Number of protein chains: 2
Amino acid sequence: MKSSREPTGPARNAAQTRERILAAARVRFSRHSYENVGTRDVAADAGVDAALVSRYFGSKEKLFAAVIEGGFRVEEHLSEHLSGLGKHLVDQVLGDAREAAGFDALRVLLRAAGNPAIAPLVAGQFQREFVRPLARLLRGRDAEARAALIAAYVIGLATMRHGLDAPAWTGASGRKAAALAAAAIQACV
Amino acid sequence: MKSSREPTGPARNAAQTRERILAAARVRFSRHSYENVGTRDVAADAGVDAALVSRYFGSKEKLFAAVIEGGFRVEEHLSEHLSGLGKHLVDQVLGDAREAAGFDALRVLLRAAGNPAIAPLVAGQFQREFVRPLARLLRGRDAEARAALIAAYVIGLATMRHGLDAPAWTGASGRKAAALAAAAIQACV
DNA sequence: GCCATAAGTCATCAATCGATGACTTCAAGT
DNA sequence: ACTTGAAGTCATCGATTGATGACTTATGGC
């Protein structure tokens with residue numbers, strides 16, 4: 001039963017266990033706020049003992065830092081061609097949870113904006129891995145301001161869609177709103 | 001010392017005490033996430049005993065509901081003239097905490113998007129008091145989608161400014177970004 | 001001036017949280 | 001095969017939380 005996961009693996013594999021905890025934490029933190037995620041929950045999802053969370057990551061805050069580390073990496077998502085940036089970003093953000101692989105961290109971000117100990121962490125990461133690279137890609141006048149504007153848009157869309165489940169973003173009118181959002185972002189490019 | 005607050009008031013005034021708790025909770029909830037606000041903190045800020053919070057509001061969740069009740073009320077903010085809507089909203093959202101009287105609830109909203117028990121509460125309130133009235137004001141084609149777009153923008157701006165303290169929104173480049181944001185919102189009107 | 005009732009205070013409970021240390025079990029090196 | 005150290009388990013601590021009930025104090029009608 002339990003060994004029906006990884007093909008090989010001597011049942012006791014520290015690296016694999018660590019990775020399982022990290023994966024479970026990534027999911028938990030992207031669906032609930034920082035305070036509402038317990039180390040016991042993460043351990044249960046990962047199928048390991050609760051004590052291993054503290055053992056491998058030191059503390060819950062360290063675990064959180066490991067989750068958001070390198071989680072945004074927008075560059076690879078949009079470095080291809082700027083012409084479809086608006087639609088691409090909107091699709092990624094408004095898309096379902098399963099897809100949008102690289103945007104788990106975005107959901108993590110908007111769940112963590114309330115904790116004074118966590119917010120600076122995630123804010124810095126977001127600035128470093130999203131806003132700044134985006135500004136560098138945009139070039140031209142006021143690139144920084146336009147990048148910040150796009151970032152605000154992305155966060156707002158993600159909050160309404162995943163944080164508040166606003167009805168306006170699902171169904172027929174949601175497609176229209178998504179198209180408008182894509183155009184608005186594209187206007188900043 | 002203690003009586004240097006309200007001019008008159010027989011020291012034991014239930015309504016006044018209740019209002020003090022509510023005011024303190026409003027401030028707390030707008031600065032910290034739902035879980036990070038303790039009933040003891042609120043009571044301490046209000047200068048009352050901690051037990052009175054549960055006595056007057058029943059529970060922490062009821063207190064939260066009382067805080068966000070009628071907190072958005074955008075209509076009076078923008079019913080005047082739609083021509084200056086973009087600038088007006090941006091000024092309100094990006095403005096300092098002291099001003100922006102009616103927008104405390106917006107900060108409360110973006111702090112509470114992570115709690116599955118609270119998010120529907122605040123989402124419904126936001127939809128009822130902001131998005132829907134705004135859509136009714138906009139009229140024309142796709143009014144609902146455009147209202148949702150403006151709402152997403154407002155939430156994104158508020159999150160970056162008050163939730164993440166993004167540096168791009170302060171200083172000189174912040175003014176440029178604010179102007180761009182105002183124009184973008186105005187384009188949805 | 002008294003007294004019934006509302007308002008406020010205090011102590012405390014039960015649950016949950018993150019974290020720690022001692023103990024047990026497995027896997028690998030020789 | 002035996003030993004050694006890592007990997008995993010278990011029990012539990014201390015702090016904090018929301019909430020409750022019994023108790024004390026002040027207020028206003030008579």
Side-chain angles (χ1 to χ4, degrees), chain A residues 1-3 5-25 28-29 32-67 111-112 114-118 121, chain B residues 1-3 5-25 28-29 32-67 111-112 114-118 121:
Chain A
M1 285 292 181
K2 166 181 170 295
S3 63
R5 301 288 283 251
E6 305 291 331
T8 65
R12 281 201 172 187
N13 188 327
Q16 178 180 323
T17 299
R18 205 190 119 102
E19 202 55 40
R20 254 190 229 175
I21 296 174
L22 197 60
R28 278 270 171 187
F29 280 129
H32 311 284
S33 71
Y34 177 80
E35 295 85 2
N36 277 54
V37 173
T39 58
R40 289 172 173 85
D41 305 329
V42 173
D45 288 357
V48 303
D49 191 89
L52 296 182
V53 176
S54 290
R55 189 197 266 315
Y56 282 129
F57 293 91
S59 70
K60 181 182 173 183
E61 189 172 329
K62 302 267 190 65
L63 171 64
F64 183 83
V67 163
R111 308 278 189 199
N115 192 312
I118 300 300
L121 211 69
Chain B
M1 284 295 182
K2 165 180 170 300
S3 64
R5 300 289 284 252
E6 306 289 331
T8 64
R12 280 199 173 187
N13 188 329
Q16 178 180 323
T17 299
R18 205 190 118 102
E19 201 56 39
R20 255 189 231 174
I21 295 174
L22 197 59
R28 278 271 173 186
F29 280 129
H32 311 284
S33 71
Y34 178 80
E35 295 86 3
N36 278 56
V37 172
T39 58
R40 289 172 172 82
D41 306 329
V42 173
D45 288 357
V48 304
D49 190 89
L52 296 182
V53 176
S54 290
R55 190 199 265 315
Y56 282 128
F57 293 91
S59 70
K60 181 183 174 183
E61 190 172 329
K62 302 269 192 64
L63 171 64
F64 184 83
V67 163
R111 308 277 190 199
N115 191 312
I118 302 301
L121 212 69

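Residue numbering restarts at 1 for every chain, and letters A, B, ... go by the order of the sequence lines. This structure is a prediction, so every number in the text was calculated from the model and none was measured.
- Whole-Å rounding puts the A:Gln16 CD to D:dG8 P distance at 9 Å.
- Among the heavy atoms of the strands lying under 4.0 Å from A:Ala51 is at least one base atom, whether or not backbone atoms are also near.
- Side-chain atoms of B:Asn36 never come within 3.5 Å of backbone atoms of B:Ser33 as a donor-acceptor pair (strictly under, hydrogens ignored).
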Review item, nucleotides 15-18 of chain C N/O atoms under 3.5 Å of protein N/O:
from   : atom 1 : to      : atom 2 : distance (Å)
C:dG18 : OP1    : A:Val37 : O      : 3.2
C:dG18 : OP1    : A:Lys60 : NZ     : 2.9
C:dG18 : OP2    : A:Thr39 : N      : 3.0
C:dG18 : OP2    : A:Thr39 : OG1    : 3.4
C:dG18 : N7     : A:Arg40 : NH1    : 2.8
C:dG18 : N7     : A:Arg40 : NH2    : 3.4
C:dG18 : O6     : A:Arg40 : NH2    : 3.0

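- A sub-4.0 Å separation between OP1 or OP2 of C:dG8 and a side-chain N or O of B:Thr17 is present.
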Polar atoms only, N or O, under 3.5 Å: list the protein pairs with nucleotides 22-25 of chain C and their distances.
from   : atom 1 : to      : atom 2 : distance (Å)
C:dT25 : O2     : A:Arg12 : NH1    : 2.8
C:dT25 : O2     : A:Arg12 : NH2    : 3.4

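- A side-chain donor-acceptor contact under 3.5 Å links A:Asp41 to the backbone of A:Gly38.
- By the side-chain contact (heavy atoms from CB on, under 4.5 Å) test, A:Asp49 pairs with A:Ala51, A:Leu52, sequence neighbours left out.
- The separation between B:Phe64 atom CZ and D:dT17 atom P is 18 Å, rounded to whole Å.
- Within 4.0 Å (heavy atoms only), A:Phe57 reaches no atom of the nucleic acid at all.
- Per the geometry, CG belonging to B:Asp49 stands 13 Å off C1' belonging to D:dT25, to the nearest Å.
- Spacing between atom CG of A:Leu52 and atom P of C:dC26 amounts to 15 Å, rounded to whole angstrom units.
- A:Leu121 meets the side-chain contact (heavy atoms from CB on, under 4.5 Å) test with A:Phe64, A:Ala65, A:Ile68; sequence neighbours excluded.
- Between the CZ atom of B:Arg18 and the P atom of C:dG8 there is a distance of 13 Å, rounded to whole Å.
- Between C:dG8 and B:Tyr56, a contact under 4.0 Å exists linking OP1 or OP2 to a side-chain N or O.
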Dot-bracket pairing map - DNA chain C, Watson-Crick plus G-U, both contacts under 3.5 Å, | cross-strand: ||||||||||||||||||||||||||||||

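- When each of B:Lys62, B:Arg18, B:Glu19 is checked for a side chain to side chain contact (heavy atoms under 4.5 Å, CB included) with B:Tyr56, only B:Arg18 meets the rule.
- Contact annotation: the side chain of A:Leu22 approaches that of A:Phe57 to within less than 4.5 Å [non-hydrogen atoms, C-beta and beyond].
- Partners of B:Ala44 under the side-chain contact (heavy atoms from CB on, under 4.5 Å) rule, at least two apart in sequence or in another chain, do not exist in this structure.
- Expressed to the nearest 0.5 Å, how far CG of B:Leu63 lies from CZ of B:Phe29 amounts to 5.0 Å.
- The shortest distance between side-chain heavy atoms of A:Lys60 and A:Tyr34 falls below 4.5 Å.
- Not counting sequence neighbours, the partners of A:Ala50 by the side-chain contact (heavy atoms from CB on, under 4.5 Å) test are A:Arg40, A:Ala43.
- The CG atom of B:Asn36 sits 10 Å away from the P atom of D:dG18 (whole-angstrom rounding).
- Of all the heavy atoms in B:His32 and B:Arg111, the pair that sits closest is O-CB, 3.7 Å.
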